[in-house]
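I have placed the structure first, in the form of structure tokens, so that the comments after it can refer back to it.
In what follows, chains are A, B, ... by sequence order, proteins preceding strands, each numbered from 1.
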Amino acid sequence: MVGLPIPEGWKRSHFSADIKPSIKGEKVTVLGMVLSVRKQGGLCFVILQDRYGTLQVTAHKDRTEPQVFERLTGLKAHSYIGVKGVVKAIEKAPRGAEVEVDDLYVFSEPKRLPPFDMFAKTLPSLDKRLEIRAVDLRRPTAQAVFKIRHQVLQAIRSFLVEKGFIEVNTPKIIGSATEGGAALFPLLYYDKEAFLAQSPQLYKEQLSSAFERVFEIGPVFRAEKFKTPRHLSEITSVDVEMAFADYEDVMKLLEEMIHRAITDVLDKCSEELKALEIELEKPRLPLKRLTYNEAYKTLKKLDVEVSWGEDFSTPALRKLGELNPGFYFITDWPTVSKPFYIKPREDNPRLSESFDLMHGSLELASGGSRVSSRDLLARRLRRQGLNPKLFEYHLRVYEYGMPPHAGFGLGLERFMMAITGISNIREVTLFPRDQTRLTP
RNA sequence: GCCCUGGUGGUGUAGCCCGGCCCAGCAUAGGAGGCUGUCGCCCUCCCGACGCGGGUUCGAAUCCCGCCCAGGGCGCCA
């Protein structure tokens, strides 16, 4: 029976969520995956999981066809089945209603056991689960993470669209580094050397001159050889760029965007939040804004090692996270610590119009006002040791005029970590890529 | 790349410091059976493991060396 098309009469009539006391007496066909089978003498309870949740299926020995009863009680978790039966309103049943089996169709049974139990308190190591990630994702708690992720993406998209942004996609195969540095994956592009894009940065800036407001949600690639619970080689970046705006404007946009995302998750994902035991709170706007210099002084006072002009070390960020739980901005970074396209402040060029969005000690996003003068951009490139010739394709656009613009890039997985409180980025990524993991 | 910790049945762990009491304990999954309102059911019985290679020793899961793998920390960043 494995591999056969869905047989006559076995199309789904109801989802689990539709089985309520109010439709008692109706004949239904439900399809899904078996989570558990509990036999109790002449009674059998099967928990079936589908797209919308779980449902109890019951069989009484004295009321069910003997073959059907035998087949049902013999089922293992991870079997994909169809059940025809009548909806009963039963107070003792999980959702106040259950389906009493008349007929059963088994689409597929597992040939082997997954190395974990669907409800187990103790899970196998993440490493083991990732080897058969799709099976791991059958666990209700694992699913909850990605249902929340979906809601976050929906919220971000509709928020940005409402604000007049258009969604774009830019090349992921590029001919030269976007921001310099060595953190790129090289690849062979026909007979040329090419790279996987580490950011849509330059493209989105260019596009902001044509469309004014653009955003892209897509993968970016980093070849950094880091093995930490918050780094991956491939991540999803939410990139936003806006003409006629400065960093204050886009900080406001960003905080409203995450507020909207969290609000929507609270409204629409209460089941998932419950499954993950998350106490999510809406951040209060405006978020706290801490300047780099303020943070620097605070850390210095606490005898944390800091060096002006450099990014904060991990231990320093941990300290800042202790002092500032939740979401906050660190603004006005030293110009030397930021990429060439970040605009120095007019009143003090040693500082830049830039910000990082933090959640505790975790960096979620960074952004700022951009340089819109071609000559300044070329000068900044040179000063950072980059070859302006490699960026000719980019500088060229600026010769034809460029509006002032600003933007940010938000790491979607990092944001998911902040929302869910999950401390390993792999756990909030369907198929994570890191130094050692290239499959599945 | 460096530093630190750890690898015991399908899975999660106890045992390791202080070698023999460990033909390795517990839980869960799996197999057999029992149970008519369970709800991560319950009860009885069964099955099943010391990462790999060398060494020390009368004797190694336990001590030593090498390798492999994993987790954490650091640098970098989202």
Side-chain angles (χ1 to χ4, degrees), chain A residues 35-47 54-64 69 73-74 76-78 88 90-96 98 100 110 112-132 136 139-141 179 181-183 198-201 219-239 305 310-318 337-339 356-359 361-367 408-418 423-426 428-429 434-437:
Chain A
L35 278 185
S36 76
V37 179
R38 285 189 300 273
K39 197 190 162 200
Q40 201 185 354
L43 250 185
C44 182
F45 303 99
V46 173
I47 303 299
T54 61
L55 155 80
Q56 180 163 283
V57 167
T58 311
H60 295 254
K61 194 168 192 166
D62 51 10
R63 291 189 236 156
T64 312
F69 190 82
T73 55
K76 293 187 190 106
H78 297 270
K88 303 264 170 171
I90 304 279
E91 246 175 78
K92 290 173 199 160
R95 57 174 71 242
E98 64 186 18
E100 189 175 326
R112 50 193 290 198
L113 299 162
F116 42 79
D117 312 327
M118 296 302 275
F119 295 104
K121 244 182 208 162
T122 54
L123 285 172
S125 64
L126 179 62
D127 193 50
K128 285 207 174 73
R129 286 184 286 124
L130 288 176
E131 281 169 22
I132 41 167
D136 180 43
R139 290 170 33 244
T141 49
E179 304 175 26
Q198 67 167 165
S199 150
Q201 184 62 35
V220 298
F221 306 89
R222 307 278 162 98
E224 315 276 1
K225 285 194 172 179
F226 301 127
K227 210 182 79 178
T228 81
R230 55 193 183 281
H231 292 269
L232 287 178
S233 307
E234 177 175 352
I235 60 171
T236 307
S237 174
V238 178
D239 267 280
E305 210 179 303
E310 282 176 26
D311 283 341
F312 296 120
S313 67
T314 304
L317 287 175
R318 278 188 205 281
S337 71
K338 286 289 169 187
D356 280 7
L357 173 66
M358 307 292 299
H359 182 263
S361 62
L362 192 63
E363 200 178 323
L364 305 183
S366 75
F408 61 82
L410 168 74
L412 183 65
E413 290 82 5
R414 291 258 178 109
F415 185 46
M416 284 302 298
M417 291 169 76
S423 59
N424 192 324
I425 195 165
R426 282 153 252 260
V428 300
T429 306
D434 61 29
Q435 270 181 90
T436 53
R437 194 171 284 100

Open item on the list: Please classify the nucleic acid contact of A:Glu234 as base, sugar-phosphate, or nothing, using heavy-atom distances under 4.0 Å.
Closed with: nothing
Open item on the list: Using whole Å, what does the distance between atom P of nucleotide B:rA78 and atom CG of A:Asp434 come to?
Closed with: 19 Å
TODO: Remember a base hit wins even if backbone is also touched, and classify A:Leu317 as base, sugar-phosphate or nothing at under 4.0 Å, heavy atoms.
DONE: base
Task: Spacing of A:Leu43 atom CG relative to B:rC42 atom C1', expressed in whole Å - done: 14 Å
Task: Contact under 4.0 Å: A:Arg318 side-chain N or O vs B:rG73 OP1/OP2 - done: yes
Open item on the list: Checking contacts here: which listed nucleotide (B:rU36, B:rG75, B:rA70) is nearest the side-chain heavy atoms of A:Thr314?
Closed with: B:rG75
Open item on the list: I want to check one thing: is the phosphate of B:rG72, taken as OP1 and OP2, less than 4.0 Å away from some side-chain N or O of A:Asn424?
Closed with: yes
Open item on the list: Whole angstroms only, please: what is the CZ-C1' distance between A:Phe221 and B:rA78?
Closed with: 14 Å
TODO: For A:Ser313, answer base if it contacts any base atom (sugar-phosphate contacts may also be present), sugar-phosphate if it contacts only those atoms, and nothing otherwise; contact means non-hydrogen atoms under 4.0 Å.
DONE: sugar-phosphate
Task: C1' spacing across the pair B:rC2 / B:rG59, given as an integer number of angstrom - done: 39 Å
Open item on the list: Is the phosphate of B:rA78 approached by A:Ser237 (side-chain N or O, under 4.0 Å from OP1 or OP2)?
Closed with: no
Open item on the list: What is the distance, to the nearest angstrom, from the CD atom on A:Glu305 to the P atom on B:rC74?
Closed with: 13 Å
Open item on the list: Rounding to an integer number of angstrom, what distance separates B:rG15 and B:rC22 when you compare their C1' atoms?
Closed with: 8 Å
Task: Below 4.0 Å: OP1/OP2 of B:rA70 and any side-chain N or O of A:Arg129 - done: no
TODO: With the side chain of A:Ser366 defined as its heavy atoms from C-beta on, choose the nearest nucleotide among B:rU36, B:rC41, B:rA78.
DONE: B:rA78
- [ ] Would you indicate, yes or no, if B:rC41 has its OP1 or OP2 atom less than 4.0 angstrom from a side-chain nitrogen or oxygen of A:Arg38?
- [x] yes
TODO: Compare every heavy atom of A:Arg139 with every heavy atom of A:Leu123, then report the nearest pair and how far apart it is.
DONE: CD1-NH2, 3.2 Å
Open item on the list: Whole angstroms only, please: what is the NZ-P distance between A:Lys39 and B:rG37?
Closed with: 14 Å
Open item on the list: Using atom C1' in both nucleotides, what's the gap between B:rG33 and B:rC69 to the nearest angstrom?
Closed with: 41 Å
Open item on the list: Just the rounded figure in Å: distance from C1' of B:rC76 to CG of A:Leu362.
Closed with: 14 Å
Open item on the list: Any base atoms under 4.0 Å from A:Ile235, or only sugar-phosphate, or nothing? Heavy atoms, all strands.
Closed with: base
Task: A:Lys92 side chain, from C-beta outward: closest of B:rG37, B:rA70, B:rA78 - done: B:rG37
Open item on the list: Using only modelled atom types and a 3.5 angstrom limit, is any donor from either the side chain of A:Gln40 or the base of B:rG34 paired with an acceptor on the other?
Closed with: no
Task: Given A:Arg426, A:His231, A:Lys227, the one that forms side-chain hydrogen bond (donor to acceptor under 3.5 Å, both in side chains) with A:Asp434 - done: A:Arg426
TODO: Quick one: label A:Arg230 by what it contacts on the DNA or RNA (base, sugar-phosphate, nothing), any heavy atom closer than 4.0 Å.
DONE: base
Task: Closest-nucleotide ordering on RNA chain B, the 5'-leading residue of A:Pro124 and A:Asp62 - done: A:Pro124
Task: Shortest non-hydrogen separation from A:Ser313 to A:Glu305 and the atoms involved - done: OG-O, 4.2 Å
Open item on the list: Using the side-chain heavy atoms of A:Leu113, tell me which of these nucleotides is nearest: B:rG71, B:rG10, B:rG30.
Closed with: B:rG30
Open item on the list: How close do A:Lys61 and A:Phe69 get, counting heavy atoms only, and between which atoms?
Closed with: N-CE1, 3.6 Å
Task: A:Ser36 versus A:Arg38, closest heavy-atom pair with distance - done: OG-NH1, 3.7 Å
Task: Minimum-distance pair of heavy atoms, taken over all atoms of A:Pro110 and A:Ala77 - done: CG-O, 3.4 Å
- [ ] Rounded to the nearest angstrom, tell me the gap between atom CG in A:Asp356 and atom P in B:rA78.
- [x] 7 Å
Open item on the list: Let me spell it out: for each of A:Pro94 and A:Pro114, pick the nucleotide of RNA chain B with the closest heavy atom. Which residue's pick is nearer the 5' end?
Closed with: A:Pro114
Open item on the list: What is the separation between atom CD1 on A:Ile47 and atom C1' on B:rU38, rounded to the nearest whole Å?
Closed with: 9 Å
Task: Pairwise P distance for B:rC26 and B:rA14, with rounding to whole Å - done: 15 Å
Open item on the list: By the 4.0 Å heavy-atom rule, please label A:Ile90 as base, sugar-phosphate, or nothing.
Closed with: base
Task: Polar side-chain contact A:His60-B:rG37 base: donor and acceptor under 3.5 Å - done: yes
Task: Pairing partner of B:rG7 (Watson-Crick or G-U wobble, both distances under 3.5 Å) - done: B:rC68
- [ ] Quick one: label A:Ala93 by what it contacts on the DNA or RNA (base, sugar-phosphate, nothing), any heavy atom closer than 4.0 Å.
- [x] base
Open item on the list: When the P atoms of B:rC42 and B:rA29 are compared, how many Å lie between them, rounded to an integer?
Closed with: 8 Å
Open item on the list: Suppose you measure atom C1' in B:rC39 against the same atom in B:rG48; what distance do you get, rounded to whole Å?
Closed with: 29 Å
Open item on the list: Within the 4.0 Å heavy-atom criterion, would you say A:Leu123 contacts the bases, only the backbone, or no part of the nucleic acid?
Closed with: sugar-phosphate
Open item on the list: Could you check whether A:Lys88 pairs with A:Glu98 (Lys NZ or Arg NE/NH1/NH2 to Asp/Glu carboxylate O, under 4.0 Å)?
Closed with: no
- [ ] With P as the reference atom in both, quote the distance from B:rU62 to B:rU56 in angstrom, rounded to an integer.
- [x] 15 Å
Open item on the list: By the 4.0 Å heavy-atom rule, please label A:Lys227 as base, sugar-phosphate, or nothing.
Closed with: base
TODO: Rounded to whole angstrom, note down the C1' distance from B:rC18 over to B:rG75.
DONE: 40 Å
Open item on the list: Is A:Lys128 close enough to B:rG12 that one of its side-chain N or O atoms is under 4.0 Å from OP1 or OP2 there?
Closed with: yes
Open item on the list: Minimum heavy-atom separation for A:Asp356 and A:Ser366, please, with both atom names.
Closed with: OD1-CB, 3.0 Å
